[in-house]
Amino acid sequence: MLRTLASRSVTVLSTALLLIGCTNTTPQKSENGQAGKVAPVAKERPGVPRSGEALFKQYCSPCHPDGGNVSDASRPLYGSVLRSNHITTPEDIVRIMRNPLSRMIRFDVSTLSDQDARAIAEYILATFNH
Ligand code: HEC
């Protein structure tokens with residue numbers, strides 16, 4: 001009798017601990033550390049704000065790691081090279097995403113909305129500005 005009671009309370013105790021473990025939610029920090037500031041794209045995809053940096057890493061980094069270019073070394077995303085190819089504004093970069101020159105894959109609006117495309121373009125111009 002005593003043994004049964006003891007093992008029962010162990011079961012109850014570990015169940016309680018499990019429950020506590022499950023409800024232990026630590027507040028999530030937003031990706032850019034600016035809690036409360038929601039990017040305009042959040043309206044399109046509720047709960048999933050997409051930053052230029054995150055989008056770049058997802059869609060562009062495979063071919064453009066750190067702004068380089070794995071399949072055409074003469075066309076990286078460095079500001080100096082972009083400028084020499086007359087690519088100076090976010091619109092210029094978005095245009096290339098929609099209509100790449102040759103080997104780059106095309107990103108249409110169903111993959112990247114205009115806002116997403118622009119966020120990536122601004123990230124590129126601000127990040128690889130050498
Ligand atoms: C499959 C590989 C691949 C992916 C993925 C890719 N690119 Fe490219 N990108 C290239 C290649 C190759 C070129 C050289 C031009 C060409 O062949 O189209 C290029 C050229 C560019 C250029 C012009 C660079 C210059 O100096 O003229 C820009 C801007 C650019 N890519 C932006 C992007 C962005 C933004 C993304 C992500 C949304 C992306 N690329 C994803 C392969 C890729």
Side-chain angles (χ1 to χ4, degrees):
M1 176 65 182
L2 243 171
R3 270 180 79 97
T4 329
L5 253 180
S7 76
R8 253 201 211 140
S9 50
V10 165
T11 317
V12 169
L13 191 68
S14 45
T15 311
L17 282 174
L18 261 177
L19 284 173
I20 292 166
C22 289
T23 53
N24 180 18
T25 49
T26 35
Q28 298 275 313
K29 255 196 178 172
S30 78
E31 213 163 72
N32 54 13
Q34 296 171 307
K37 199 181 168 195
V38 180
V41 288
K43 269 189 215 133
E44 276 183 9
R45 300 161 189 269
V48 191
R50 313 220 290 172
S51 76
E53 181 179 10
L55 288 164
F56 180 83
K57 293 205 165 121
Q58 182 177 350
Y59 293 100
C60 320
S61 280
C63 296
H64 296 290
D66 297 319
N69 191 330
V70 295
S71 46
D72 184 346
S74 71
R75 288 194 169 260
L77 307 181
Y78 309 141
S80 51
V81 178
L82 293 182
R83 277 190 298 278
S84 69
N85 290 330
H86 310 288
I87 302 160
T88 55
T89 65
E91 289 75 25
D92 294 336
I93 294 180
V94 172
R95 206 174 305 125
I96 290 169
M97 290 186 233
R98 303 299 190 216
N99 283 301
L101 277 181
S102 74
R103 273 176 286 169
M104 179 166 143
I105 54 165
R106 198 169 82 85
F107 296 91
D108 60 24
V109 278
S110 63
T111 308
L112 291 172
S113 70
D114 286 339
Q115 288 103 315
D116 285 352
R118 198 182 165 94
I120 294 175
E122 281 168 359
Y123 170 77
I124 290 172
L125 290 174
T127 309
F128 312 115
N129 52 359
H130 48 88

Undergrad: Can you list every side-chain hydrogen bond (donor to acceptor under 3.5 Å, both in side chains) pair that touches residues 70-81, not counting sequence neighbours?
TA: Asp72-Ser74
Undergrad: Considering only residues two or more places apart or on different chains, which pairs with a residue in residues 118-128 satisfy salt bridge (Lys or Arg N to Asp or Glu O under 4.0 Å)?
TA: Glu91-Arg118, Arg118-Glu122
Undergrad: Measure the spacing between CG of Leu112 and CZ of Arg50 and express it to the nearest 0.5 Å.
TA: 6.5 Å
Undergrad: Looking only at heavy atoms, which two atoms of Thr127 and Tyr123 are closest? And how far apart?
TA: OG1-O, 2.6 Å
Undergrad: What about Leu101 and Ile120, same hydrophobic cluster or not, with Ile/Leu/Val/Met/Phe/Trp/Tyr joined at side-chain heavy-atom distances under 4.5 Å?
TA: no
Undergrad: Which donor-acceptor pairs under 3.5 Å do side chains of residues 60-68 form with protein atoms, sequence neighbours excluded?
TA:
unit_1	atom_1	unit_2	atom_2	d
His64	ND1	Gly68	O	2.8

Undergrad: Grab the two heavy atoms, one from Pro76 and one from Val81, that are nearest each other, plus how far apart they are.
TA: CD-CG1, 3.6 Å
Undergrad: Say you draw a straight line from CG of Asp116 to CD of Gln58; how long is it, rounded to the nearest 0.5 Å?
TA: 9.5 Å
Undergrad: Measuring from Gln115:CD to Leu55:CG, what's the distance to the nearest 0.5 Å?
TA: 11.0 Å
Undergrad: Any ion pair linking Arg98 and Asp114 (charged N to carboxylate O, less than 4.0 Å)?
TA: yes
Undergrad: Please work out which of the three classes, parallel, tilted or perpendicular, describes the rings of Phe56 and Phe128, given edges at 30° and 60°.
TA: tilted
Undergrad: Calculate, to the nearest 0.5 Å, the distance between atoms CG and CG belonging to Leu125 and Leu82 respectively.
TA: 7.0 Å
Undergrad: Assess whether atom NE2 of His86 is packed by more than 12 heavy atoms of other residues, nucleotides or ligands within 6.0 Å.
TA: no
Undergrad: So, does Asp108 use its side chain to make a donor-acceptor pair with the main chain of Ser110 at under 3.5 Å?
TA: yes
Undergrad: Once rounded to the nearest 0.5 Å, what's the spacing between atom OG1 of Thr111 and atom CD1 of Ile105?
TA: 8.0 Å
Undergrad: Rounded to the nearest 0.5 Å, what separates atom CG in Asp92 from atom CE in Met97?
TA: 11.0 Å
